[in-house]
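Have a look at the structure below, then the notes.
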Amino acid sequence: MARAAADSPPKGGFSFDLCRRNDMLLKKGVQPPSFRKTGTTIVGLVFQDGVILGADTRATEGPIVADKNCEKIHYMAPNIYCCGAGTAADTEAVTDMVSSQLQLHRYATGRESRVITALTLLKSHLFSYQGYVSAALVLGGVDVTGPHLHTVYPHGSTDTLPFATMGSGSLAAMAIFESKYREGLTRDEGIKIVSEAICSGIFNDLGSGSNVDVCVITKGRAEYLRNHLLPNPRTYVSSKGYSFVKGHTEVLSTKITPLKEKVEVVEGDAMEE
Amino acid sequence: MEPVGLSSASSKDSTSLDVGSERNRYPYVTGTSVLGVKYKDGVALAADLGGSYGSTLRYKSVERIKAIGKHTLLGASGEISDFQEILRYLDELILYDNMWDDGNSLGPKEIHNYLNRVMYNRRNKFNPLWNSLVIGGVKNGQKYLGMVGMIGTHFEDNHVATGFGNHLARPIFRDEWREDMTFEEAVRLLEKCLRVLLYRDRSAINKFQIAKITDEGVTISQPYSLKTFWGFSAFKDPTKGAEGSW
């Protein structure tokens, strides 16, 4: 520490030393490691009693589906949940971190967490990393001040919206929302519209697929409906398994070779020197 | 014929045999999405009347859907000047067809094939016509709706969209299009998609035309605008709880 202080006085502000190192490595031909992204459709909407969040369950690594049934709706607080799109590691880490910070805050204040607290913690973390933490989030929850829905972008900006979509399937889902959303939806209508929007992303976007997860948050109660819809079942798998009876495969010829004994067993005392 | 002063540069330009040829690298004045659906009696196309110059909405009365001959409608998105050039080629084509005076007339399938050849040949010379074209028509009771892209990709379908319409309108078409829609239902479906595009495509304007073609002929509507809704309570005071957002 003393040597670093002697080398250069702290200038304050952001330090971009690692950016210079990355540029240098790139010029030398060292490719940066690739990462697993969640090509995704995540949505949220505000209905009359609270907030409904929805997400698909496909995690992709380039063109390959890495996880057919991953969980993109993350727990933040008993009354706040967050959907994450972008790099899977970043969304997991950032939501876990803020979730822990919220819990410590709840112990300190003795009160239920507020959505804007989570929002401020997320946006200040993401801004300080200048967009390198690639997490695009839909944050929703109900607290003492009412239901709230926000989107958070990787560079740290936020929006407060009545309905929101993020991820590669966001346009397909937004088309459904823009044509069907209205204020004062009931719980069932809200779940139906959220499921339709996620299905639109699943069937029209290549980065999204598999199943629909839904989370309904109302005052005092959060219901996480994991795999609420399974619109992509494996239809041609036999549940009994496959049995291969003798006679399934035609036998062309049979040859039996008995194993010859190579060692001669001699009668006598064992270990006779 | 070699242009003076280009000799050293042209020796590096090995892909072009004709040194004086131009290359269309960027579009300048562009039109946004065109939507098309088949319905019970024919085909309906919809597009807005905007021509953007980069990020400025410069022209607000650009008609991007035109009738070709008796049986076809052509809608285009992309570079407007290339669309006008395509209309000139098609004018000549229809003129020669009429001059034959043999009782046959070019239908939508033929126009689609002709445009596909034109677009593909231009792209092979690295000088594409920067458009996505929607061709719709009815001939002898047979409905036809197809699309040609600027690189020569072409296909036929019950509902097509270009540009942003691919992402925003096609999911709605896939859910809600039906074979036996009446014209009113088709217009409602198109308007639904046009409204979503108006909200979410920055180069769309609120001035649309819907064109329909049936066995009886072509009708292109007068420009009109759609009602939009901005009264969500979350829009009224977005930063009430959350400072720093908008």
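Hydrogens, waters and symmetry mates play no part in the numbers below; they use all other heavy atoms, side chains included. Residue numbers start from 1 in every chain, and the chains themselves are labelled A, B, ... in the order their sequence lines are given, proteins ahead of strands.
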(message) Using a 6.0 Å cut-off, check whether atom OH of A/Tyr132 has over 12 heavy atoms from anything other than its own residue.
(response) no

(message) At a 4.5 Å cut-off on heavy atoms, which part of B/Phe164 comes close to chain A: side chain, backbone, both, or neither?
(response) side chain

(request) Would you mind checking which part of A/Thr145 comes under 4.5 Å of any heavy atom in chain B, side chain (CB onward), backbone (N, CA, C, O), both or neither? (result) neither

(request) Flag the pair A/Leu161 / B/Phe235 as yes when at least one side-chain heavy-atom distance between them is below 4.5 Å, and no otherwise. (result) yes

(request) Would you please say whether a donor-acceptor pair under 3.5 Å links the side chains of B/Arg170 and A/Asn204? (result) no

(message) Test side chain to side chain contact (heavy atoms under 4.5 Å, CB included) on B/Ser233 and A/Glu183; report intermediate values, then the result.
(response) CA-CA 8 Å; B/Ser233 54; A/Glu183 301 219 278; 3.2 Å; yes

(request) Please check if atom OH in B/Tyr53 has more than 12 non-hydrogen atoms from other residues, nucleotides or ligands closer than 6.0 Å. (result) no

(request) With rounding to the nearest 0.5 Å, note down the distance linking CG in A/Leu171 to CG in B/Asn166. (result) 11.0 Å

(request) Count the heavy atoms of every other residue, nucleotide or ligand shown that sit under 6.0 Å from OH of A/Tyr129, and state whether that count exceeds 12. (result) no

(message) I'd like to know if B/Arg200 pairs up with A/Glu178 as an ion pair, taking the criterion as any Lys NZ or Arg NE/NH1/NH2 lying under 4.0 Å from an Asp or Glu carboxylate oxygen.
(response) yes

(request) Evaluate side chain to side chain contact (heavy atoms under 4.5 Å, CB included) for A/Ile176 paired with B/Val196, printing each intermediate quantity in order. (result) CA-CA 9 Å; A/Ile176 301 294; B/Val196 176; over 6 Å; no

(message) Counting only heavy atoms not in B/Glu85 (residues, nucleotides, ligands), do more than 12 fall under 6.0 Å from its CD?
(response) yes

(request) Using a strict 4.0 Å threshold on nitrogen-to-oxygen distance, state whether B/Glu176 and A/Lys180 make a salt bridge. (result) yes

(request) Mark yes when over 12 heavy atoms from residues, nucleotides or ligands other than B/Ile151 sit less than 6.0 Å from its CD1; otherwise mark no. (result) no

(message) Just checking B/Tyr120: does its OH atom have more than 12 heavy atoms from other residues, nucleotides or ligands closer to it than 6.0 angstrom?
(response) no

(message) How close do A/Ser179 and B/Ile172 get, counting heavy atoms only, and between which atoms?
(response) OG-CD1, 4.0 Å

(message) With rounding to the nearest 0.5 angstrom, report the OH to CZ distance, B/Tyr199 to A/Phe177.
(response) 15.0 Å

(request) Measure the CZ-CZ distance between A/Phe163 and B/Phe232 for me, rounded to the nearest 0.5 Å. (result) 4.5 Å

(request) Return yes when atom NE2 of A/His105 has more than 12 non-hydrogen atoms of other residues, nucleotides or ligands closer than 6.0 Å, and no otherwise. (result) no

(message) Heavy-atom count check: over 12 atoms from other residues, nucleotides or ligands less than 6.0 Å from A/Arg221 CZ?
(response) no

